[in-house]
Amino acid sequence: MTDTTTPTPEALLATYHERRELSVVQPKGSLALVNTQWIDSEQTIWGVPGTWAPRPAGESGLVVTAVAADNITVDGVLVDGEAVVRGKDSDAPGDIDFGAGKTGFVIASEAGGYALRVWDANSEEIQKFGSIDAFPYNPDWVVTAKFTEIPGGKTVGFEHLKDDGNTRDEVVPGEITFTKDGVDYDLAAFKSGRALQLVFADATSGDSTYSVGRFLFVAPRPDGSITLDFNLAVLPPCAFSYNFNCPMPPKQNRFAVPIEAGEKNVLQKDGSLLHAE
C-alpha cells in the first residue's frame, strides 16, 4: 500500500540537509576545491604539474606546457608539449584531469583574466569534514514577501571577500519587500541561473553562524509573491574552502535581528569548526 502521508516541514528539511552534506563532498563539491590561482604570466601552479601561461588578449583560457609523464589530459587527450585549456566563458570550456582524483577547469574574471581551479576528490578538507551544523526548523522565518520587478533592473555593487573593498556590479531585477515584527525590509537579490540569490547577514553572523553571511535562493511567483524560507539558507562556498571568493551582503541585506534558521557552520568530525572564520 502506498504511503500518501504528506511529509512534515521538519522531515523535508532533514532530507534537504542530507543532500547538502552529500553535495559538498563530491569530486567538485565545495570541500574539494584546493586551489584557485590567477595566471598573468608563465608560472607553475601549486599542487599540479606543468607550466601555465595566459593566451593572447581576447582568446579564452590558458596554455599548459607539460610532458607525457606529467599525466595531464585536456579534453581527454594526454598533453605532451602544449595544449590550450579554454575557459568557462567559452562555448566549449576545457576539462582537465591530473589523475589520482584531481581535476581542474579555467575560470574568467570580469576584467578578462583567467585562473586555474584545482579540485581534489581526496582533499584534506573532505577527510576532516563531519557535518554542516544547522538550526532546527523554525516556522517564524518562513516569510511571504512581495517581488516588484524593476524594468531593466538596477545595478548594485557587491563586495567580495578577497577584493580589498572593491565592488562588483550585479544586476538586481527587482525589489523584495516585506514587513516582520514591525520592521520594513527591502532586500537586493541578483540573478543566479533561474533563481534569485539573496546574500544576507544577521545578528547571528560571527556568533552562532558563519561570520561572512549566508545565501538564500528564491524565485518569485507570477503574481509577484515570493517565499523567503530562511530554513533553506545555506553557507557560502567560502565557508568550506578558502579558495572561493564569495560575495558579501550589501548594507540593505544586513538584518539587525537574529535569523535562527538555516545552516550555521561547517564542523569537523570532532565537532569543532572546520574554519575559525
Does the side chain of [Y] come within less than 4.5 Å of [X]'s, by heavy atoms?
X	Y	result
L228	L187	yes
T65	E82	yes
V79	D70	no
D95	T103	no
L78	N71	yes
L273	L267	yes
T227	V142	yes
V85	L116	no

Would you please name every residue forming a side chain to side chain donor-acceptor pair (under 3.5 Å) with R254, sequence neighbours left out?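 R254 satisfies side chain to side chain donor-acceptor pair (under 3.5 Å) with no other residue.
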
Side chain to side chain donor-acceptor pair (under 3.5 Å) partners of Q197, counting only residues at least two apart: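 Q197 satisfies side chain to side chain donor-acceptor pair (under 3.5 Å) with no residue once adjacent residues are dropped.
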
Output every pair passing side chain to side chain donor-acceptor pair (under 3.5 Å) with a member in residues 171-183, not counting sequence neighbours, ordered by first then second residue.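 Listed once each, the pairs are T179-D184.
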
Kindly compute the distance separating [atom1] ([X]) from [atom2] ([Y]), expressed to the nearest 0.5 Å.
X	Y	atom1	atom2	result
R168	S109	CZ	OG	8.0 Å
C246	H160	SG	NE2	8.0 Å
W52	L62	CH2	CG	7.0 Å
Y210	I132	OH	CD1	13.0 Å
N243	S123	CG	OG	10.0 Å
S208	I259	OG	CD1	11.0 Å

With hydrophobic residues grouped by side-chain heavy-atom distances under 4.5 Å, do [X] and [Y] end up in a single group?
X	Y	result
V63	V77	no
I45	V34	yes
L198	V257	yes
V212	V199	no

Who passes side chain to side chain contact (heavy atoms under 4.5 Å, CB included) against [X], sequence neighbours left out?
X	value
R117	L33, T36, F105, I107, W119, F244
A57	none
V234	Y16, R20, F215, F217, E263
K128	E124, E125, Q268, L274

Would you please name every residue forming a salt bridge (Lys or Arg N to Asp or Glu O under 4.0 Å) with D89, sequence neighbours left out?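 Scan of D89 (salt bridge (Lys or Arg N to Asp or Glu O under 4.0 Å), adjacent residues dropped) gives none.
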
All salt bridge (Lys or Arg N to Asp or Glu O under 4.0 Å) counterparts of D75, not counting sequence neighbours: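 Counting only residues at least two positions away or on another chain, D75 forms a salt bridge (Lys or Arg N to Asp or Glu O under 4.0 Å) with R86.
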
Under 3.5 Å, side chain of [X] to main-chain N/O of [Y], donor-acceptor pair present?
X	Y	result
N231	N138	yes
Q26	L22	yes
S192	A195	no
D97	G76	no
D169	T155	no
Q37	T44	yes

Check [X] against [Y] and note the closest heavy-atom contact, atom names and distance.
X	Y	value
P220	I226	N-CD1, 3.8 Å
V25	I126	O-CD1, 3.8 Å
Q252	D186	NE2-O, 3.0 Å
G87	S60	N-OG, 3.0 Å
S90	P93	O-CD, 3.4 Å
L216	A233	CD1-N, 3.8 Å

Which residue pairs pass the ring-ring contact (aromatic ring centres under 6.0 Å, His included) test with at least one member in residues 174-201, sequence neighbours excluded?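 Qualifying pairs, neighbours excluded: F158-F190, F178-Y185, Y185-F255, F200-F230.
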
Sequence neighbours excluded - ring-ring contact (aromatic ring centres under 6.0 Å, His included) pairs with any residue from residues 22-47: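 Not a single pair qualifies under ring-ring contact (aromatic ring centres under 6.0 Å, His included).
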
Side chain to side chain contact (heavy atoms under 4.5 Å, CB included) for D120 and K102? Distances and angles first, verdict last. CA-CA 4 Å; D120 184 354; K102 282 189 178 180; 3.7 Å; yes

Could you give all pairs that pass the salt bridge (charged side-chain N to carboxylate O under 4.0 Å, His left out) test and reach residues 191-211, with sequence neighbours left out?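 Listed by first then second residue: D202-R214.
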
Decide yes or no on side chain to side chain contact (heavy atoms under 4.5 Å, CB included) for Y114 and I39, but give the supporting numbers first. CA-CA 6 Å; Y114 291 90; I39 308 299; 5.8 Å; no

Applying side chain to side chain contact (heavy atoms under 4.5 Å, CB included), run through F135 and L13 and close with a yes or a no. CA-CA 10 Å; F135 290 104; L13 183 61; over 6 Å; no

